[in-house]
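Below, each value reflects all heavy atoms present in this structure, side chains not excepted, and no hydrogens, waters or symmetry copies.
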Amino acid sequence: MKNVIVVAPHPDDETLGCGGTLLKHYQNGDRIHWLIITKMTKEVGFTNKQILTRKSEIKKVSALYNFHTTTQLNFTTTKLDKSDKNNLIKKISSVFSKIKPHTVYVPFLHDVHSDHSVVASAVDSCIKSFRAPYLKRVACYETLSETEQSVTAQRVFKPNLWIDISDFIEKKIKILNIYKSEVSDHPFPRSESNVRALSTFRGSMANMIAAESFQILKEIN
């Protein structure tokens with residue numbers, strides 16, 4: 001049994017980026033953990049109703065994945081680039097120290113959302129082998145509406161790991177649809193049809209019906 005943690009800047013990133021993979025880890029007997037970095041606040045324009053709805057969504061999603069732990073650090077969403085990075089690193093490191101994950105999934109450093117890039121950079125400071133000897137794999141996931149929107153050629157997501165989620169794509173879609181405010185109709189990037197299309201496309205790259213793809217950042221055998 002391995003401890004596996006997904007670091008999500010916002011709720012829904014875990015499902016978009018590696019929902020099927022997390023479900024597969026659980027089926028294989030691993031303990032899966034969810035670390036949410038930010039939260040909605042009135043400060044950035046969210047209503048009480050939206051905040052309460054999001055709390056309810058997190059509870060439902062956590063139950064459907066059977067997460068062993070769900071931790072929310074409560075930094076303000078969309079404001080991570082203005083936050084104390086040392087404090088962010090300290091809090092992420094504290095969670096890692098308690099869970100001692102074998103595998104960590106993180107957002108892509110060059111996602112266009114600043115929260116994603118800040119989180120990816122912060123995690124980079126938490127995975128030094130002499131401080132986290134338990135950590136054997138770090139992989140970044142792609143997030144529709146963020147990863148593919150970069151127009152800088154040097155920052156393109158180039159996967160080198162494909163995980164078969166053919167048996168889990170339907171449950172991934174079911175979980176994603178809990179986030180009603182985050183999903184819309186095609187051609188909106190976070191549409192059900194686009195999530196299916198990406199899984200089909202990534203699957204075709206590896207002779208699978210449906211896949212999620214990742215960039216391995218660190219692998220220790």
Side-chain angles (χ1 to χ4, degrees), residues 1-36 57-71 95-96 99-108 111 116 119-120 123 127 134-144 146-148 157-179 182-183 190-221:
M1 181 185 66
K2 298 171 182 154
N3 279 313
V4 175
I5 189 167
V6 56
V7 183
H10 320 99
D12 84 343
D13 292 327
E14 78 297 327
T15 300
L16 288 165
C18 54
T21 299
L22 292 169
L23 292 167
K24 189 168 189 173
H25 274 294
Y26 180 77
Q27 186 184 77
N28 290 341
D30 295 330
R31 283 182 177 175
I32 56 173
H33 304 261
W34 187 15
L35 175 56
I36 308 165
E57 290 169 347
I58 291 171
K59 187 175 180 180
K60 291 176 183 176
V61 167
S62 184
L64 282 171
Y65 277 113
N66 291 293
F67 281 118
H68 192 68
T69 64
T70 296
T71 305
V95 174
F96 284 6
I99 292 172
K100 294 182 169 47
H102 171 281
T103 300
V104 176
Y105 294 107
V106 298
F108 183 51
D111 280 358
H116 286 225
V119 169
V123 170
I127 59 174
Y134 43 79
L135 185 56
K136 304 303 180 183
R137 171 181 280 188
V138 181
C140 65
Y141 54 81
E142 56 183 333
T143 311
L144 281 168
E146 307 299 347
T147 308
E148 84 285 1
F157 180 84
K158 296 180 180 179
N160 54 17
L161 171 67
W162 290 260
I163 295 181
D164 191 343
I165 64 162
S166 305
D167 293 337
F168 305 99
I169 183 64
E170 296 305 325
K171 188 168 184 180
K172 170 174 174 161
I173 296 294
K174 177 183 177 181
I175 294 172
L176 182 64
N177 281 325
I178 290 173
Y179 297 109
E182 305 296 339
V183 181
R190 293 191 305 276
S191 66
E192 180 176 327
S193 60
N194 206 18
V195 171
R196 290 185 185 277
L198 179 61
S199 71
T200 300
F201 172 62
R202 292 307 187 193
S204 73
M205 300 172 72
N207 195 35
M208 301 169 182
I209 299 299
E212 288 170 342
S213 64
F214 303 86
Q215 277 191 4
I216 291 289
L217 304 179
K218 187 172 191 173
E219 183 87 49
I220 300 174
N221 290 316

To check you understand the geometry: which heavy-atom pair defines the closest contact between C18 and Y105, and what is its length?
SG-CB, 4.0 Å
What one should report as the nearest heavy-atom pair of T21 and I165 is N-CG2, 3.7 Å
Non-neighbouring partners of R190 that pass side-chain hydrogen bond (donor to acceptor under 3.5 Å, both in side chains), sequence neighbours left out
S145, E182
Would you confirm whether S166, through its side chain, and A210, through its main-chain N or O, come within 3.5 Å as a donor-acceptor pair?
yes
Could you go through the side chain to side chain contact (heavy atoms under 4.5 Å, CB included) check for V183 and V195 one step at a time?
CA-CA 10 Å; V183 181; V195 171; over 6 Å; no
Please list, chain by chain and in numerical order, all residues satisfying ring-ring contact (aromatic ring centres under 6.0 Å, His included) with Y65, sequence neighbours excluded.
F67
With a 6.0 Å cut-off (strictly less than), is the heavy-atom count around NZ of K100, excluding the residue itself, greater than 12?
yes
Between the CG atom in L144 and the CG atom in N194, the distance rounded to the nearest 0.5 Å is 5.0 Å
Does I209 CD1 have over 12 foreign heavy atoms under 6.0 Å away?
no
Which residues pass the ring-ring contact (aromatic ring centres under 6.0 Å, His included) test with H116, not counting sequence neighbours?
H10, H113
Quick one: does any side-chain atom of S204 pair with a main-chain N or O of F201 as donor and acceptor, under 3.5 Å?
yes
Which distance, rounded to the nearest 0.5 Å, do you find between the CD1 of I127 and the CG of L217?
6.5 Å
Which pair of non-hydrogen atoms, one from P159 and one from M205, has the smallest distance, and what is that distance?
CG-CE, 4.3 Å
For A8, the side-chain contact (heavy atoms from CB on, under 4.5 Å) test, sequence neighbours excluded, returns D13, E14, W34, Y141
Check the pair S193 / S191 against side-chain hydrogen bond (donor to acceptor under 3.5 Å, both in side chains), numbers first and verdict last.
CA-CA 5 Å; S193 60; S191 66; 3.3 Å; yes
Hey, could you give me the CG/CD1 distance between L22 and I163, rounded to the nearest 0.5 Å?
9.0 Å
Sole residue of V4, V138, I32 in side chain to side chain contact (heavy atoms under 4.5 Å, CB included) with T103
V4
Does any part of the side chain of V7, heavy atoms only, come nearer than 4.5 Å to the side chain of V95, both counted from C-beta?
no
Do P107 and E146 have side-chain heavy atoms sitting under 4.5 Å apart?
no
L35 CG to T69 OG1 distance, which is reported to the nearest 0.5 Å:
8.5 Å
Check: I58 main-chain N/O paired with S62 side-chain donor or acceptor under 3.5 Å:
no
K60: partners by side-chain hydrogen bond (donor to acceptor under 3.5 Å, both in side chains), with sequence neighbours left out
none
Which residues pass the side-chain hydrogen bond (donor to acceptor under 3.5 Å, both in side chains) test with D30, sequence neighbours left out?
H25
Residues 162-179 vs salt bridge (Lys or Arg N to Asp or Glu O under 4.0 Å), sequence neighbours excluded, gives E170-R196, K172-E212
Any non-hydrogen side-chain atom of T70 less than 4.5 Å from a side-chain atom of I36?
yes
Would you compute the distance between atom CZ of R31 and atom CG of N66 and round it to the nearest 0.5 angstrom?
13.0 Å
Step-by-step side chain to side chain contact (heavy atoms under 4.5 Å, CB included) determination, N3 to H33:
CA-CA 7 Å; N3 279 313; H33 304 261; 2.9 Å; yes
Who pairs with Y179 by ring-ring contact (aromatic ring centres under 6.0 Å, His included), at least two apart in sequence or on another chain?
none
Taking atom CG as the centre, does N207 end up with more than 12 heavy-atom neighbours from other residues, nucleotides or ligands that are less than 6.0 angstrom away?
no
Taking salt bridge (Lys or Arg N to Asp or Glu O under 4.0 Å) as the cut-off, I'd like each qualifying pair that reaches into residues 15-24, sequence neighbours left out, listed once.
none
Residues two or more places apart in sequence or in another chain: which of them pass side-chain hydrogen bond (donor to acceptor under 3.5 Å, both in side chains) with N177?
E192
Within 6.0 Å of NZ in K2, more than 12 heavy atoms from elsewhere
no
Under the salt bridge (charged side-chain N to carboxylate O under 4.0 Å, His left out) rule, collect the residues that match up with E219, sequence neighbours excluded.
R137
Mind checking ring-ring contact (aromatic ring centres under 6.0 Å, His included) for F96 and listing every partner two or more places apart, or none if nothing turns up?
none
Do F108 and E142 come close enough that some side-chain heavy atom pair is under 4.5 Å?
no
For side chain to side chain contact (heavy atoms under 4.5 Å, CB included), just list the numbers for L176 and L16, CA-CA rounded to whole Å, side-chain angles, deciding distance to a tenth of an Å, and then say yes or no.
CA-CA 7 Å; L176 182 64; L16 288 165; 3.9 Å; yes
Kindly compute the distance separating CD1 (I99) from CD1 (I5), expressed to the nearest 0.5 Å.
3.5 Å
